[in-house]
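Below, read A as the first sequence line, B as the second, and so on, with proteins coming before strands; counting in each chain starts at 1.
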Amino acid sequence: MRWSNALIPTLKETPADAVAPSHVLLLRAGMIRQLGAGTYTYMPLGLRVLHKAIRIIREEMDAAGALEVLMPALQPVELWKESGRFEAYGDLLMKLTISGGHHMALGPTHEEVITDLVRDLVRSYKQLPITLYQIQTKFRDEPRPRFGIVRTREFVMKDAYSIDADLGQLNTSYDKMYEAYCRIFDRCGVPYVIVEAESGPIGGDSSHEFMVPCSTGEDTVIFCEKCGYAANQERAEVGQTEATSPTPDAHAPAHESVATPGKKTIREVCEFLGVAESTSAKLLVYLADGQPAAALLRGDHELNEAKFRRALGVSTVVPADAPTIEKATGAPMGFLGPVGIKIPMVIDRAIAAMPTVVVGGNAVDVHLKGVVPGRDFPLDRLHDLRNAEAGDPCPRCGSTLEVKSGLEIGHVFKLGTKYSKAMGARYLDEKGTETEIIMGCYGIGVNRIVAAAVEAAHDANGIIWPFSIAPYHVLVVPLQLQNAAVMERTSAIESALTAAGLDVLVDDRDQRPGFKFKDADLIGVPLRVVIGERGLKDGQIEIKWRHEESGLAVASDTAASAILAQVEAHRRKHDDWCADRRMGRSVPRAT
RNA sequence: CGGGGCGUAGCGCAGCCUGGUUAGCGCGCCUGCCUUGGGAGCAGGAGGUCACCAGUUCGAAUCUGGUCGCCCCGACCA
């Protein structure tokens with residue numbers, strides 16, 4: 001391909017709206033163009049990257065035994081009502097009315113459609129297991145699209161669904177997808193970590209996310225450098241090295257009431273009393289499946305609602321509003337405490353480690369000082385309730401947890417029978433018994449692979465594409481277009497490399513060398529080949545890897561084979577890197 | 001949905017506070033000359049409903065009100 005025909009609208013200046021590195025560089029490199037909030041056109045170069053990622057995904061999904069289908073993006077809302085997700089998904093679901101007054105939705109994901117498909121299709125255990133996948137544009141009415149192509153209102157997703165007869169089959173299907181994902185992201189050259197995750201509103205009981213650590217990541221990942229434990233913040237456990245005091249000091253002086261007029265927040269109360277926030281506790285009141293329930297945490301800790309929900313064994317927890325709180329506790333928000341509380345209360349483990357604590361007095365403008373946990377209120381329902389933070393002990397090895405932000409590029413779930421139960425998808429087992437099918441679902445945000453690759457590898461001059469998904473492998477830069485020898489060499493190398501299966505772009509623009517080098521760095525093609533009069537005079541041309549500081553001169557008449565040797569060596573190195581990663585990785589086994 | 005910011009040529013911006021010729025600058029684009037190993041130089045040229053609507057005024061890019069759009073922080077997020 002010749003640059004002059006390639007439609008690569010590079011920008012010298014950074015568009016004012018772009019902040020995230022991937023957004024800035026993809027725009028500047030002429031790979032994407034914005035239409036509106038969360039909607040982007042992929043220009044030829046950007047589309048090539050997207051297609052290369054898709055090709056890798058397709059190869060690995062096929063190799064894992066999944067079958068490709070293509071389901072409609074346009075779906076009747078009835079299916080969503082049947083699964084119960086019409087309400088749960090809410091405004092994120094893009095709804096529209098078509099002729100005849102039919103209410104439709106543009107698919108944000110396809111559990112409903114796949115379940116509808118297999119409830120007709122799958123009649124016998126002999127047809128199972130089966131995994132179907134598709135690569136398709138999804139639609140979500142995101143309240144806040146962000147960071148260029150990181151969060152958009154329409155995006156390309158690879159979604160797969162395993163249909164299994166029993167839990168054993170599900171675990172096998174899940175592990176296959178998990179391993180396929182590892183190979184996909186390894187091959188795409190994006191550095192990822194795998195974290196334990198909450199399954200969220202999609203339902204199900206086990207889940208892992210594939211995250212690329214980077215500053216524009218929207219998720220918080222908690223991890224332990226020492227043992228490799230990693231989880232997203234919703235899920236991350238706090239290690240239990242906090243000393244607990246099972247026998248409270250019975251001889252401690254009785255607690256006393258203090259007047260704290262108007263001091264409602266933890267900070268206000270602690271400042272007023274001149275104590276550290278970590279010596280106080282807060283009582284948070286929620287509606288758990290509609291019934292009031294409380295969580296008690298250290299003043300400076302944050303409640304993890306997912307942990308709270310599990311501790312109570314309920315399916316939803318929502319913060320209670322002010323009237324509900326007063327009715328349930330007899331005191332307004334800001335003065336709540338555990339002493340004498342009437343509603344069910346679960347307590348974070350950290351509370352048990354506190355000899356005395358400052359808490360609300362369950363009366364207006366009153367707090368209690370010198371309250372002894374275990375003496376002044378029972379410590380019978382201790383749980384890990386708080387968000388893990390940097391510096392907390394690792395739940396596995398006791399070492400220190402760290403926090404990073406991560407960009408989610410893939411997610412695998414065990415759904416179980418959530419959808420088959422709701423939508424009546426059953427098969428006949430060996431004994432002729434009608435049984436609900438068991439499902440798993442597996443998603444990859446394809447556009448996010450592109451964004452993540454840029455986030456993970458760029459410098460001040462531009463993008464540094466991994467070889468496997470680079471729009472072109474080699475950029476040939478002739479410096480003097482009117483020099484016949486230069487142009488002959490250019491064509492010869494272009495044909496030789498193309499014949500060897502490489503994607504070659506030739507910068508045939510009549511521009512000064514510096515101009516072309518700047519654009520070359522910007523679009524991030526991995527290998528640059530410079531052909532100029534000066535080098536040719538000495539029988540040399542220059543080849544330079546984008547990720548390396550300097551290039552090297554090779555003999556011009558054997559340049560093509562030298563380049564191919566470089567490419568071969570680079571590929572081998574990447575393969576070794578992938579193999580190393582696989583060795584160091586433990587695949588989660590079914591429990 | 002709450003908070004903040006911004007809409008002037010393809011891109012980056014000035015002008016607005018204090019209303020007044022034909023709305024300006026840099027980059028990019030077109031023509032010519034010149035130059036050629038890290039975004040050169042000179043000369044000439046094209047390109048604008050100043051986001052939109054209404055109002056104030058003799059007169060609005062500029063003042064007022066509304067609408068729309070975009071970005072950032074938060075809430076939300078399979």
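- Phosphate proximity of rA40(B) to R512(A): present, with a side-chain N or O under 4.0 Å from OP1 or OP2.
- Checking the phosphate oxygens (OP1, OP2) of rC73(B), a side-chain nitrogen or oxygen of R144(A) falls inside 4.0 Å.
- Counting any heavy atom pair closer than 4.0 Å across all strands shown, G90(A) reaches no nucleic acid atom.
- Out of rC77(B), rC70(B), rA75(B), the shortest distance to the side chain of P143(A) is found at rA75(B).
- Looking at heavy-atom distances under 4.0 Å, G532(A) makes contact with a base.
- Under 4.0 angstrom from either OP1 or OP2 of rA40(B) there lies no side-chain N or O belonging to Q511(A).
- Screening R85(A), K81(A), K418(A) for a salt bridge (charged side-chain N to carboxylate O under 4.0 Å, His left out) involving E112(A) leaves a single residue, R85(A).
- Map F155(A) and G38(A) each onto its nearest nucleotide of RNA chain B; the residue landing nearer the 5' end is G38(A).
- Note on N461(A): nothing from the nucleic acid sits closer than 4.0 angstrom, heavy atoms only.
- Checking rC11(B), rC71(B), rU36(B) against every side-chain atom of Q480(A), the shortest atom distance belongs to rU36(B).
- Cation-pi contact between K176(A) and Y442(A): absent, since separation from the ring centre below 6.0 Å together with deviation from the ring axis within 45° is not met.
- Among the atoms of the strands shown, base atoms are found under 4.0 Å from some heavy atom of D521(A).
- Residue E542(A) is in base contact, counting any heavy-atom pair closer than 4.0 Å across all strands shown.
- R28(A) contributes a side-chain N or O that forms a donor-acceptor pair with the base of rG39(B) under 3.5 Å.
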